[in-house]
Amino acid sequence: MDSVFQELYEKYHKDLYQFLFYMVKKHEVAEDIVQEVYIRVLKSYDRFEGKSSEKTWLYSIARNAAIDHFRKEKGWKQRLLENFDLEKQPVKDVQPLPEEIAIQNAEVQGIYQSLHSCTLDQRSVIILRYIQGLSIIETAAVLDWTESKVKTTQHRALKAIKKKMEEKGREEGNSIEKIPME
């Protein structure tokens with residue numbers, strides 16, 4: 001089990017941390033939840049049936065741990081919404097992550113800021129698909145949804161982001177180039 005756990009840790013730790021950081025936007029909380037994920041993995045690895053990849057299994061555990069964290073907090077629904085309002089609480093880090101370096105691009109920054117116009121499910125899909133790079137099949141497995149639901153939610157999320165970016169562009173006097181709806 002030690003070698004299996006070490007392999008999982010080495011392969012997925014950074015990705016799990018980044019996913020949780022985008023969900024909760026606090027380094028300390030993300031670190032705590034990552035530890036909770038590994039505790040859950042150690043307790044339940046013998047029940048892992050291999051119906052999905054280890055990666056999607058870990059992301060499912062991470063997402064559920066993040067949801068559990070929000071539920072434990074007082075006023076978790078409001079807190080959850082505030083955690084995804086990137087205008088109120090911009091993402092900050094002492095050492096930038098590769099994604100944070102990419103955010104310096106104005107268009108990408110606008111997309112990140114527009115995430116707050118999406119529902120929690122839409123944000124989850126966008127984070128998993130575009131930030132974490134999971135496939136539609138993997139995203140469906142993490143969220144325990146059908147592939148069709150992932151595609152529909154992704155389409156609606158991109159539409160909401162595009163609308164928000166267009167509104168922001170009009171406010172700033174800029175026009176937004178095509179944002180892919182795929």
Side-chain angles (χ1 to χ4, degrees), residues 4-45 47-48 52-104 108-109 111-145 149-150 153-154 157 161:
V4 171
F5 182 81
Q6 185 66 29
E7 182 180 331
L8 288 174
Y9 182 88
E10 289 173 4
K11 283 172 92 172
Y12 303 113
H13 178 73
K14 183 178 177 184
D15 291 337
L16 282 175
Y17 172 79
Q18 287 177 346
F19 171 72
L20 289 166
F21 175 74
Y22 283 114
M23 292 291 286
V24 299
K25 292 186 358 192
K26 293 181 182 172
H27 292 287
E28 298 81 15
V29 175
E31 290 170 356
D32 290 344
I33 297 173
V34 166
Q35 294 306 313
E36 175 64 26
V37 169
Y38 289 124
I39 290 169
R40 291 180 186 187
V41 166
L42 285 171
K43 288 181 179 179
S44 64
Y45 190 78
R47 293 189 306 263
F48 175 63
S52 65
S53 70
E54 289 175 333
K55 183 178 183 179
T56 57
W57 180 63
L58 288 170
Y59 276 108
S60 296
I61 293 171
R63 181 174 185 266
N64 290 332
I67 290 170
D68 290 346
H69 163 76
F70 290 128
R71 286 182 180 148
K72 289 177 187 174
E73 289 187 347
K74 184 179 178 185
W76 68 273
K77 287 183 181 178
Q78 182 60 33
R79 184 73 183 227
L80 181 64
L81 293 174
E82 289 171 4
N83 276 329
F84 285 103
D85 190 346
L86 296 178
E87 290 178 0
K88 286 183 181 177
Q89 297 180 352
V91 177
K92 295 179 182 175
D93 187 8
V94 178
Q95 296 178 334
L97 297 170
E99 289 83 4
E100 291 172 318
I101 293 168
I103 289 174
Q104 293 172 359
V108 175
Q109 178 69 30
I111 292 170
Y112 276 89
Q113 289 176 346
S114 298
L115 273 176
H116 78 278
S117 63
C118 298
T119 65
L120 176 61
D121 285 345
Q122 291 171 345
R123 281 186 212 111
S124 295
V125 169
I126 295 298
I127 291 169
L128 290 168
R129 292 277 293 127
Y130 294 104
I131 297 174
Q132 296 303 127
L134 269 62
S135 68
I136 288 176
I137 294 169
E138 291 171 326
T139 302
V142 167
L143 299 174
D144 194 24
W145 292 354
K149 183 174 180 180
V150 170
T153 305
Q154 174 182 307
I161 289 170

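Few gaps surround CG on Asp68; more than 12 heavy atoms of other groups in view lie less than 6.0 Å from it. The environment of Phe48 atom CZ is dense: over 12 non-hydrogen atoms of other residues, nucleotides or ligands sit within 6.0 angstrom.
For the atom pair CG (Leu16) and CG (Leu8), the distance works out to 9.0 Å, reported to the nearest 0.5 Å. Ser124 contributes atom OG, which lies 12.5 Å from atom OH of Tyr59 (distance to the nearest 0.5 angstrom). The CG atom of Leu128 sits 12.0 Å away from the CD1 atom of Ile136 when rounded to the nearest 0.5 Å. Separation of atoms CG (Asp121) and CG (Leu143) is listed at 7.5 Å; rounding is to 0.5 Å. Rounding to the nearest 0.5 Å places CZ of Arg123 at 9.5 Å from CD1 of Ile161.
Leu58 has its side chain out of reach of Asp15: every pair of non-hydrogen atoms, C-beta onward, lies at least 4.5 Å apart. Side-chain atoms of Val41 and Trp57, non-hydrogen and from C-beta on, do get closer than 4.5 Å to each other. Phe19 has its side chain out of reach of Ile131: every pair of non-hydrogen atoms, C-beta onward, lies at least 4.5 Å apart.
Glu54 and Tyr45 get closest at one heavy-atom pair: OE2-OH, 3.0 Å. Here the closest non-hydrogen pair linking Tyr17 and Ala30 is CE1-CB, 3.7 Å. Summarising the geometry of Tyr22 relative to Ile127, their closest heavy-atom pair is CB-CD1, 4.0 Å, with the distance given to 0.1 Å. Contact between Ala157 and Cys118 at its shortest, heavy atoms only, is O-SG, 3.7 Å. Arg47 and Lys43 make their closest contact through NH1-O, 3.8 Å (heavy atoms, listed as atom of the first residue, atom of the second, distance). When all heavy atoms of Ala66 and Leu20 are compared, the closest pair comes out as CB-CD2, 3.9 Å.
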Show which side-chain atoms of residues 32-39 pair as donor or acceptor with protein atoms under 3.5 Å away, not counting sequence neighbours.
residue: Glu36; atom: OE2; partner: Arg40; partner atom: NE; Å: 2.9
residue: Tyr38; atom: OH; partner: His13; partner atom: ND1; Å: 3.1

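Panel note: side chain Gln18, backbone Gln132; no donor-acceptor pair is recorded below 3.5 Å.
Residues meeting the salt bridge (charged side-chain N to carboxylate O under 4.0 Å, His left out) test with Lys149, sequence neighbours left out: none. Residues satisfying the side chain to side chain donor-acceptor pair (under 3.5 Å) test with Ser44, not counting sequence neighbours, are none. Residues satisfying the side chain to side chain donor-acceptor pair (under 3.5 Å) criterion with Glu28, sequence neighbours excluded, are absent altogether. For the salt bridge (charged side-chain N to carboxylate O under 4.0 Å, His left out) test, no residue two or more places apart in sequence or in another chain qualifies with Glu31. Residues meeting the side chain to side chain contact (heavy atoms under 4.5 Å, CB included) test with Ala140, sequence neighbours left out: Glu147, Val150.
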- Message: As a quick check of understanding, evaluate side-chain contact (heavy atoms from CB on, under 4.5 Å) for Lys55 and Leu134, giving each step before the final call.
- Response: CA-CA 9 Å; Lys55 183 178 183 179; Leu134 269 62; 3.7 Å; yes
